[in-house]
Amino acid sequence: MTPGRRAGGRNAGRPHGVADGAPAPPSHVAARPAIEEGGAGAFPAVPPGSPYPDAFYDRDPRLVARELLGAVLQCRTADGVASGRIVETEAYLGPHDPACHAVAGRTARTWFLHGAPGVAYVYRIYGMHWCFNAVTLPEGFGSAVLVRALEPIEGVQLMRRRRSVRTGSVPADRDLTNGPGKLAEALGIDGRLDGVRLDGAPNAAGALTLRAGAPIADAAVIVTPRIGITRAAEWPLRYLVAGSAWVSRTPKAFPRTPY
DNA sequence: TCTACGATCCTG
DNA sequence: AGGATCGTAGAC
């Protein structure tokens, strides 16, 4: 971080592209939407093993992020099949969320972030890693859920092979998928899968399927701030399965709150 | 055109 | 704690 350089500028505290005079983003959001924000009522249960219907994703990304805990993400490519149970997610709320890529408007890069719900938004970060998101809310509104960690299920050998390419040695199993760049690499997710549907419909590079798993009780969900961001850094929008050995590291200073 | 900066990972 | 590594967006 570069607090010294950021602190004094005219647009200090604002995302790029948000001009002086624009409405300030809310100083705080809750980990789940209020009733008047659409937080009331449960989504009809999806049978474990079934892909989610599009309507599941056409909701507040906080709800989708929390409910995707326990879901199983599977990727099929020419190299094989790999999958894992989701144990960590983050919600990116939309153009009013300073940490969300939607702040820059709809561009070539963020095209599918702003697209229909139930589709993958896969973007490159730091010039070298890919991150996988499930797009939420309707066409034209840029919001999504970042998947940050998985418990490996299928294709562990394939994951070890893919992940060892970078370093030359096979990482411990817990290091295969405990971070957004790691799980993308382990599953074989890259930019060729940007925009693919999450119900298993394939494109030329492969297919992604997101299926319901055993539900995770509210009491087993922990909330913290999001990792690695500098704007809206305190918003409690990271969701973890309590006690899972497969989540990424939480910084010591981060508050952990119950869902 | 030029430049700054990441929703990260790995090694020391 | 610092380097790798490059596409994107905004500034000029």
Side-chain angles (χ1 to χ4, degrees), chain A residues 1-20 22 25 29 61-62 64-65 68 86 88-114 120-136 142-150 159-160 162-172 174-187 189-192 194 223-240 247-254:
Chain A
M1 272 180 262
T2 54
R5 187 142 34 87
R6 282 210 164 277
R10 278 188 302 121
N11 287 334
R14 291 188 180 282
H16 296 307
V18 177
D20 285 347
V29 299
R62 291 171 289 183
V64 178
L68 281 179
I86 295 173
E88 177 178 343
T89 57
E90 286 177 356
Y92 287 85
L93 304 186
H96 60 296
D97 175 355
C100 182
H101 291 169
V103 296
R106 193 171 193 175
T107 66
R109 179 204 193 200
T110 63
W111 187 259
F112 292 109
L113 171 64
H114 295 261
Y121 168 49
V122 181
Y123 67 90
R124 193 130 108 128
I125 188 172
Y126 294 104
M128 39 167 69
H129 305 293
W130 296 99
C131 292
F132 165 80
N133 298 253
V135 174
T136 55
S143 68
V145 172
L146 172 70
V147 176
R148 289 193 49 91
L150 301 174
M159 295 188 200
R160 292 191 185 113
R162 284 171 169 155
R163 292 275 296 125
S164 62
V165 169
R166 182 180 303 280
T167 59
S169 62
V170 179
R174 68 177 306 162
D175 291 320
L176 292 173
T177 53
N178 61 348
K182 296 179 189 179
L183 75 87
E185 183 163 63
L187 263 54
I189 297 173
D190 62 24
R192 295 172 300 175
D194 189 28
V223 177
T224 83
R226 294 172 292 185
I227 301 283
I229 59 170
T230 58
R231 301 180 280 261
E234 331 77 37
W235 293 10
L237 299 177
R238 173 173 177 247
Y239 305 83
L240 306 163
V247 298
S248 70
R249 207 178 97 262
T250 300
K252 202 175 255 184
F254 270 28

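Every chain is numbered from 1, with letters handed out A, B, ... down the list of sequences. Keep in mind that what you see is a predicted model, and the values were worked out from it rather than measured.
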Which atom pairs, one a donor and one an acceptor, fall under 3.5 Å between side chains of residues 121-130 of chain A and the rest of the protein, sequence neighbours left out?
residue, atom, partner, partner atom, Å
Y121(A), OH, H101(A), ND1, 2.8

(request) Quick one: list whatever passes side-chain hydrogen bond (donor to acceptor under 3.5 Å, both in side chains) with N133(A), sequence neighbours left out. (result) none
(message) A91(A): which residues meet the side chain to side chain contact (heavy atoms under 4.5 Å, CB included) condition with it, sequence neighbours left out?
(response) P61(A), R62(A), A65(A), L93(A), L237(A), Y239(A)
(message) What is the distance, to the nearest angstrom, from the CH2 atom on W235(A) to the P atom on dA7(B)?
(response) 14 Å
(message) My understanding is that only residues two or more places apart in sequence, or in another chain, count here; which of them pass side chain to side chain contact (heavy atoms under 4.5 Å, CB included) with A186(A)?
(response) M159(A), R163(A), T177(A)
(message) Tell me the interatomic distance from H101(A), atom NE2, to dG10(C), atom C1', rounded to whole angstroms.
(response) 15 Å
(request) Please work out the stems of DNA chain B from pairs that are Watson-Crick or G-U wobble with both distances under 3.5 Å, keeping only runs of three or more consecutive pairs. (result) B:1-6 with C:6-11, B:8-11 with C:1-4
(request) Look at the side chain of T136(A) and the backbone N and O of S143(A), then say whether any donor-acceptor pair between them is shorter than 3.5 Å. (result) yes
(message) So, using salt bridge (Lys or Arg N to Asp or Glu O under 4.0 Å) as the criterion, who are the partners of R166(A) when residues are at least two apart?
(response) E185(A)
Expected rows: protein N/O vs nucleotides 10-12 of chain B N/O, under 3.5 Å:
residue, atom, partner, partner atom, Å
dC10(B), OP1, R163(A), NH1, 2.8
dC10(B), OP1, R163(A), NH2, 2.7

(message) Without decimals, in angstroms, what is the distance between R238(A) CZ and dT8(B) P?
(response) 10 Å
(message) If you compare all heavy atoms of P180(A) against all heavy atoms of C131(A), which two are closest, and at what distance to 0.1 Å?
(response) CB-SG, 3.9 Å
(request) Could you state the atom-to-atom distance from CG of L93(A) to P of dA7(B) in whole Å? (result) 15 Å
(message) Using whole Å, what does the distance between atom P of nucleotide dC9(B) and atom CD1 of I125(A) come to?
(response) 8 Å
Under 3.5 Å, N/O pairs linking protein and nucleotides 1-7 of chain C:
residue, atom, partner, partner atom, Å
dT5(C), O2, Y126(A), O, 2.7

(request) Could you tell me which residues satisfy side-chain hydrogen bond (donor to acceptor under 3.5 Å, both in side chains) with R160(A), sequence neighbours excluded, listed by chain and number? (result) Q157(A), D173(A)
(request) Just compare dG6(B), dA7(B), dA9(C) and give me whichever is closest to any side-chain atom of T107(A). (result) dA9(C)
(request) Can you tell me the distance, in whole Å, between the CZ atom of R106(A) and the P atom of dT8(C)? (result) 16 Å
(message) Which nucleotide wins on minimum distance to the side chain of A104(A), given the candidates dA9(C), dT8(B), dA7(B)?
(response) dA9(C)
(request) Would you kindly give the CZ-to-P distance between R174(A) and dC9(B), to the nearest whole Å? (result) 14 Å
(message) Tell me the interatomic distance from D97(A), atom CG, to dG6(B), atom C1', rounded to whole angstroms.
(response) 15 Å
(request) Using salt bridge (Lys or Arg N to Asp or Glu O under 4.0 Å) as the criterion, list what pairs up with R226(A), not counting sequence neighbours. (result) D97(A)
(message) My understanding is that only residues two or more places apart in sequence, or in another chain, count here; which of them pass side chain to side chain contact (heavy atoms under 4.5 Å, CB included) with S248(A)?
(response) E88(A), R148(A), R238(A)
(request) List for me each residue that meets side chain to side chain contact (heavy atoms under 4.5 Å, CB included) alongside R192(A), sequence neighbours excluded, and say none if there are none. (result) D190(A), A205(A)
